[in-house]
Amino acid sequence: MTDNVNKGQIEFWNSDHGNAWARYGEIIDIMFAEITDAVLDAAEITVGDKVLDLGCGNGGTTLAIAGKVTNIGSVTGIDISAPMLERAQEGADQSGLSNVTFLLGDASIYPFAERSFDAMVSRLGAMFFEHPENTFRRMASALNYGGRIALGVWRGPRENMWAMAPVSAAKEFLKMPPRPGPEDPGPFSFADPERVRGILGGAGLSDIKLNPLDFQIPLGRTLEEALNFVVEMGPLSIPFATATGESRRRAVDAVIRVLEENSNDDGIVLLAGACWIITARTP
Ligand SMILES: C[S@@+](CC[C@H](N)C(=O)[O-])C[C@H]1O[C@@H](n2cnc3c(N)ncnc32)[C@H](O)[C@@H]1O
């Protein structure tokens, strides 16, 4: 991996935050199951396809693709996070699937062979590049002619209450990091359709479409699980990592209140999630 491009993201996803994502792999796949289904459908994944899973993380989507393409096809997952890829490899070993490869590397500079994939997908992994247009230009050259791209990305923070309801409740008690600019690498950097069209169009892709996906995200099967998720994984994970004493206690109480307000009769915490399912093709 390089020491200058996407350096901040490489550090972040290999820190305690990456370790937390690796630990929560199973819960993440439950939370984001609707995005997985929507992305795989949009990419029209079928038997025999060769597929690239961009920012594959713990490999949940990669293994789902491996089952769909069968042994006639194959899937490659690439990610910069060593702890998450370790978990992904364990999952592949346990599944017995032989058509899966995981690569540790920065997708924006990885030397993929030209025209080596039929489709490229990503569940929530496309928004973290410093130079997205360059990245997608390289991705496009790794796709066959007429190759399909399908990306699940977040729409704006105001529509994503799973992230923002806990932030609104607890931010007054925590030392929040500076808010990233709308085009800085981060979860909401593909929220603006015009920006997305500019990036993908600038990379030479065509038939660019953005379809909304709205769903309720189960933040945890119990209040405790949901609280752990908010403290270790969501946008509050950075301020919670350094919060101590009375301010931490008040922030935790504020988060618990908002989670209780959004628990259903079975105790499952459900909050709104809002994505774009983006599709595009190589000409
Ligand atoms: C929000 S997580 C999503 C992970 C996984 N796709 C999922 O849905 O569970 C974003 C992922 O993108 C990866 N990522 C960020 N920048 C990357 C890059 N330049 N190349 C490859 N992966 C990257 C991170 O390491 C992380 O695993």
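When a ligand or atom number is given, it counts from 1 through the structure's own listing order.
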K.L.:
Anything under 30° is parallel, anything over 60° is perpendicular, the rest tilted; go ahead and classify F190 against F136.
P.N.:
tilted
K.L.:
Do R155's NZ or CZ and the ring of F188 fall within the cation-pi criteria of under 6.0 Å and 45°?
P.N.:
no
K.L.:
Under 6.0 Å from the CD atom of E224, do we count more than 12 heavy atoms belonging to anything else shown?
P.N.:
no
K.L.:
Using a strict cut-off of less than 4.0 Å between a Lys/Arg side-chain nitrogen and an Asp/Glu carboxylate oxygen, indicate whether R123 and D53 qualify as a salt bridge.
P.N.:
no
K.L.:
Between N6 and S108, is the side chain to side chain donor-acceptor pair (under 3.5 Å) condition met? List the steps.
P.N.:
CA-CA 9 Å; N6 299 319; S108 68; 3.1 Å; yes
K.L.:
May I ask you to decide if the ring planes of F229 and W162 are parallel, tilted or perpendicular, using 30° and 60° as cut-offs?
P.N.:
tilted
K.L.:
Can you tell me which residues line ligand 1 if we count any heavy atom under 4.0 angstrom from one of its atoms, in chain and number order?
P.N.:
N6, W13, W21, I28, G55, C56, G57, D79, I80, S81, M84, G105, D106, A107, R123, L124, G125, F128, F129
